Number of protein chains: 2
Amino acid sequence: MTAVATERVFDGVGLVQRQYFTWTEPLTLESGKMLGPVTLAYETYGQLNAERSNAILLLHALSGDAHAAGFYAPAERKPGWWDMMVGPGRPFDTDRYYIICSNVIGGCMGSTGPSSRDPRTGRPYATRFPVITIGDMVRAQARLIDALGIDQLMAVAGGSMGGFQALEWMTSNPERVRSAILIATAARSGTQTIAWNSIARRAIMSDPRWRNGDYYGYESPVDGLALARMLGHVTYLSEPALEQKFGRRLQHNDDLAFSLEREFAVESYLDYQGEAFNQRFDANSYLYITKAMDYWDLPGRYGNLDVAFNRVTGSTLLISFSSDWLYPTAESQAIADALTRRGRFVEHVDLPGIAGHDAFLLDAEAQEPIINAFLDDVGC
Amino acid sequence: MTAVATERVFDGVGLVQRQYFTWTEPLTLESGKMLGPVTLAYETYGQLNAERSNAILLLHALSGDAHAAGFYAPAERKPGWWDMMVGPGRPFDTDRYYIICSNVIGGCMGSTGPSSRDPRTGRPYATRFPVITIGDMVRAQARLIDALGIDQLMAVAGGSMGGFQALEWMTSNPERVRSAILIATAARSGTQTIAWNSIARRAIMSDPRWRNGDYYGYESPVDGLALARMLGHVTYLSEPALEQKFGRRLQHNDDLAFSLEREFAVESYLDYQGEAFNQRFDANSYLYITKAMDYWDLPGRYGNLDVAFNRVTGSTLLISFSSDWLYPTAESQAIADALTRRGRFVEHVDLPGIAGHDAFLLDAEAQEPIINAFLDDVGC
């Protein structure tokens, strides 16, 4: 008998469990509104040391969640979103560090968000959920870090919107952060980012299934969310990557079909991404999280980046990707330059390749030695 | 009495009229299907000379039409789409040249397209309209040029999809084209272009008002077409242009509204573009024309660009814009290189600036001397 198809040799963190931290004291949001009770879904990998000095907080991007690494069940097909980076011997080395990742507020993977039950009504918040900011996400995370008994994080690390949160940690809680790893990110959302996000939101809100947000219990706005995701995906990939991966290849036929239906391979790919996203993501969360991204403007809040980094004491690693046109290298360079002007330790590595913005989730090999060396220097 | 508010000093071609050319002999399309009768809406400016040697055919882009220049009525707010380029003393000098522009088949501004009456049913074609190609558009234009008694065009000229048609003229009818002016264009639609167009089509087809194309007589798919147009607009502008024009400026308030509604100036701009487009464009035409663009692949059809240009004899002017990321400079350079390898006369000018792809419709001043000198050399 060889009925062991579900057995898996785990070389990463293996089986993991989602945990929940709930508090009742309301969180005062940047808008002035109060949110409570608040639950954060989170996962941890590795062990906190006796000095409580080896904790690293991973921060997820727009469509991420608390499940950064490992598998919930042996039969699962895919591990957490940054599994290649987390585990024994990996950059976020679970033999040495205590790794924490939580789902942002506004999210839909266990943390309080628009699909959560509003205690005032007993029904889902939907659009009664307050508009949140990157700062609000970090304020909630800080409560979790308090609850875990950690005064100072060895590092905060994230790509894309995860980098926004890491920058927020550095600037709002400088005394609690010994170092930051900022990947494929920016200190503000530029006009083009706002434009893409606005179109994505309009796609969702135009879907009649959206019902002004009150679609829970009904069919969800699958067309709108699929469109939003498809649009996002094009911005995550570089043009050369799209050419290399799909070119003008047809999905099923050798010849053009002379039909309005989709027929190029890239169309099938985008379509699949849209459908798959509908299986796992809540459309209202997409509205709230993209809005939080649009509001992200560190230089705007402080006057300029130099002032924003006034209180920063820790060291910073920046990784950008030359083919990333969503958060281009220049955005990382602007952060590096401002930190350098403040006399802070900063290392900026721009990686070649064609993967585009998505490289931060794909290109472990190139990022590994850079992060390893940086974390060795930070020490725990 | 001073009720002369509608008087206008015309320094271009002044008042113009849309004309129609209809033929009944069906057009055999690239798909093998037949289309007939066919009408082309067209306009002409200037006079055909006795030798019939001064005709220039202008070719419009995705959202253009036959109305390249002038005004239909003195009170009109906006002239034709390339008015700045057409008129006495302008690059397409109506004192010297006979300028022709027609709406493409598949279009919705007077030429036969999906909103036209299908003679077999008496109802609009809608999605019974056959899928057309850039080659089909040019085959229809050739009939108009025949009817106007013109054997050889002094020049074909167009930007974006207009450049596709100009390339098609050069390669399919080399003996009928003495020169070509190709602006902000490419010899094929790349993967990213197909991706954007596919998302735009899906936005239209997802709108329940689309009714599988049979929305004539009902409300049209305004949300879908607006989304398609908004998405397109972001690709027509460069990121620096968006930053300069809108930045993170709010449309109405000094402070963030903490609401899901649009509030940044760039959001209002895109929204306006979407609404305005709904006033003038047919959603089914958008489906058909973007599909024709996706099919555009000159090197694919001939094996490579060098073979495609085998029979070309005329001279070619290429203008690209360094800030155009939809049809980047490299696409024009590839065309110039292939023509040079074939020993053809070719001039390629890459213009600086930040306007992006839209520059071909905006930046007359920079294009003017280049086109003037080129057409002087071609002669009539």
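Owing to the predicted nature of the structure, the values given are computational and were not obtained by experimental measurement. Residue numbers begin at 1 in each chain, while the letters A, B, ... track the order of the sequences.
For B/Glu275, the CD atom counts as densely surrounded, since its 6.0 Å shell holds more than 12 non-hydrogen atoms of other residues, nucleotides or ligands.
Chain B is approached within less than 4.5 Å, heavy atom to heavy atom, by A/Arg188, A/Ser189, A/Gly190, A/Thr191, A/Gln192, A/Ile194, A/Ala195 from residues 186-195 of chain A, ordered by number.
Nearest heavy atom pair, residue A/Ile199 against residue B/Leu227, reads O-CD2, 3.6 Å. Between B/Leu260 and A/Thr127 the shortest heavy-atom distance is CD1-CG2, 4.0 Å. Pairing each heavy atom of A/Tyr295 with each of B/Ser259, the nearest pair is OH-N, 3.7 Å.
For B/Glu261, the parts lying under 4.5 angstrom from a heavy atom of chain A are both the backbone and the side chain. Within the 4.5 angstrom heavy-atom criterion, only side-chain atoms of B/Trp196, from C-beta onward, approach chain A. For A/Arg202, the parts lying near chain B are the backbone and the side chain together; criterion is any non-hydrogen pair under 4.5 Å. Both the backbone and the side chain of A/Asp294 have a heavy atom closer than 4.5 Å to some heavy atom of chain B. If you measure heavy-atom distances from B/Asp207 to chain A, you find no contacts under 4.5 Å at all. Of the atoms belonging to B/Leu270, it is side-chain heavy atoms, and not backbone ones, that fall under 4.5 Å from chain A.
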Residues A/Trp325, B/Glu239; criterion side chain to side chain contact (heavy atoms under 4.5 Å, CB included); working and verdict: CA-CA 10 Å; A/Trp325 60 277; B/Glu239 179 157 34; over 6 Å; no

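The distance from the CG atom of B/Asp271 to the OG atom of A/Ser198 is 7.5 Å, given to the nearest 0.5 Å. Between the OG atom of A/Ser206 and the CZ atom of B/Arg209 there is a distance of 8.0 Å, given to the nearest 0.5 Å.
Options B/Leu231, B/Leu287, B/Asp297 differ in how many heavy-atom pairs under 4.5 Å they form with chain A, and the most are formed by B/Asp297. Listed options A/Arg249, A/Glu267, A/Lys33, A/Lys245 were ranked by heavy-atom pairs under 4.5 angstrom with chain B; first place goes to A/Glu267. The residue among A/His233, A/Met205, A/Arg248, A/Lys291 with the most heavy atom pairs within less than 4.5 Å of chain B is A/Arg248.
Using a 4.5 Å cut-off on side-chain heavy atoms (C-beta onward), B/Thr133 and A/Phe258 make contact. Between B/Arg262 and A/Arg201 there is no side-chain heavy-atom pair separated by less than 4.5 Å.
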